[in-house]
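Working notes for the structure below.
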Amino acid sequence: PPRPRDFVVHVPVPPPGDPKELSWSQKNNLAVRAASGEYIVFNNDDIHFRPGWAPAILKHMEAHTDVRPYLAAFHMANKGVLHTRYTAFGMLYPNHGCLRKADLPLIGQTLFNERLWLSHNDIDLGLRIWHAGGRIDLCPEVVLDADRDKPSPVTNPYRAKFFDRDSDTFMQIWFPRYFWKFVFHYRHLRKYF
């Protein structure tokens, strides 16, 4: 069963929020800068690793040193059912995963793009890795469980407030770089959908 998350403290800020509050991206990047280990593993506080995940991800990362930057994405399960993995412009992206801290300079020094407040952060991260000549694979041995029946009362008001703004920013960054590549390579890419 999921471990209790009593160590997670959230102070609600009702929408539209405190203008001085850091964005979700900024908060994650602060945590990454404070991390002292070789690997950065990121997930959400309401999602739980299945037992044995740490040795499995270490073994996986040590077996994948041929391409840098490299990110191992995790399988997600809700109520025991594995989710389909998603792509952006035909390329796999992580919504939870692991990468080497030493790879951060290759993708712009940050885990998440601070131009994006809350939405599309994982997609942007994936595209930055591919754009830098790296690779993303699924780590088959690691599964995260999310036993959620309804949307989060904490993040959903923020997600709704900033979704349009973040969508516009995301398209400004990535549409000119990848849309035409997607169109030209669609016949090859469609077998992965």
Subject >> Among Ile129, Leu92, Ile40, side-chain contact (heavy atoms from CB on, under 4.5 Å) partner for Leu71 >> reply: Ile129
Subject >> Gap between atom CG of Asp124 and atom OG of Ser119 - 0.5 Å precision >> reply: 12.0 Å
Subject >> Common cluster, Ile136/Val67, ILVMFWY with side-chain heavy-atom separation under 4.5 Å >> reply: no
Subject >> Any side-chain heavy-atom pair of Asn95 and Met76 under 4.5 Å >> reply: yes
Subject >> Validation row: Leu118, Asp166 side chains within 4.5 angstrom (heavy atoms) >> reply: yes
Original post:
Side chains of Leu127 and Phe170: does their closest heavy-atom pair fall under 4.5 Å?
Top reply: yes
Original post:
Backbone N or O of Leu111 within a donor-acceptor pair of the Asn29 side chain at under 3.5 Å?
Top reply: yes
Subject >> Trp24: which of Phe42, Phe112, Trp117 passes ring-ring contact (aromatic ring centres under 6.0 Å, His included) >> reply: Phe112
Original post:
Between Thr110 and Arg128, what is the shortest heavy-atom contact and its length?
Top reply: O-NH1, 3.0 Å
**OP:** For Phe74, check ring pair (Phe, Tyr, Trp, His ring centres under 6.0 Å) against everything at least two apart and list the hits.
**Re:** Phe49
**OP:** List the atom of His75, the atom of Cys139, and the distance in Å for their closest heavy-atom pair.
**Re:** CD2-O, 3.8 Å
Original post:
Checking ring-ring contact (aromatic ring centres under 6.0 Å, His included) for the pair His120/Trp174: CA distance, chi angles, key distance, verdict?
Top reply: CA-CA 11 Å; His120 310 305; Trp174 291 107; over 10 Å; no
**OP:** Provide the closest heavy-atom pair for Lys101 versus Val32 in the form atom of the first, atom of the second, distance.
**Re:** NZ-O, 3.3 Å
Original post:
Do Trp53 and Val143 have side chains that get closer than 4.5 Å, going by heavy atoms?
Top reply: no
Original post:
Which pair of non-hydrogen atoms, one from Ile173 and one from Arg177, has the smallest distance, and what is that distance?
Top reply: O-NE, 3.4 Å
Original post:
Could you state the interatomic distance from OG (Ser25) to CG (Asn121), rounded to the nearest 0.5 Å?
Top reply: 3.5 Å
Original post:
Can you tell me how far CG of Asn28 sits from CD of Glu114, rounded to the nearest 0.5 angstrom?
Top reply: 10.0 Å
Subject >> Candidate pair Ile57 and Glu141, rule side-chain contact (heavy atoms from CB on, under 4.5 Å), full reasoning >> reply: CA-CA 8 Å; Ile57 192 62; Glu141 298 85 9; over 6 Å; no
Original post:
Can you tell me if His64 uses its side chain to pair, donor with acceptor, with the backbone of His60 under 3.5 Å?
Top reply: yes
**OP:** Take Asp145 and Arg50 through the test side-chain contact (heavy atoms from CB on, under 4.5 Å) and record every step on the way to the result.
**Re:** CA-CA 7 Å; Asp145 284 306; Arg50 291 184 181 174; 2.8 Å; yes
Original post:
Shortest non-hydrogen contact from Met61 to Leu99?
Top reply: CE-CA, 3.9 Å
Original post:
Do the side chains of Leu125 and Phe175 join up, straight or via other hydrophobic residues, at under 4.5 Å, putting them in one cluster?
Top reply: yes
Subject >> Under 3.5 Å donor-acceptor, Arg100 side chain and Tyr39 backbone >> reply: no
**OP:** Kindly compute the distance separating CD1 (Ile123) from CE (Met91), expressed to the nearest 0.5 Å.
**Re:** 11.5 Å
Subject >> Euclidean distance, Asp122 CG relative to His96 NE2, rounded to 0.5 Å >> reply: 8.0 Å
**OP:** Verify the neighbour count for atom NZ of Lys59: are there more than 12 heavy atoms of other residues, nucleotides or ligands below 6.0 Å?
**Re:** no
Original post:
For Ser23 and Leu116, which heavy atoms make the closest approach, and how far apart are they?
Top reply: OG-O, 4.5 Å
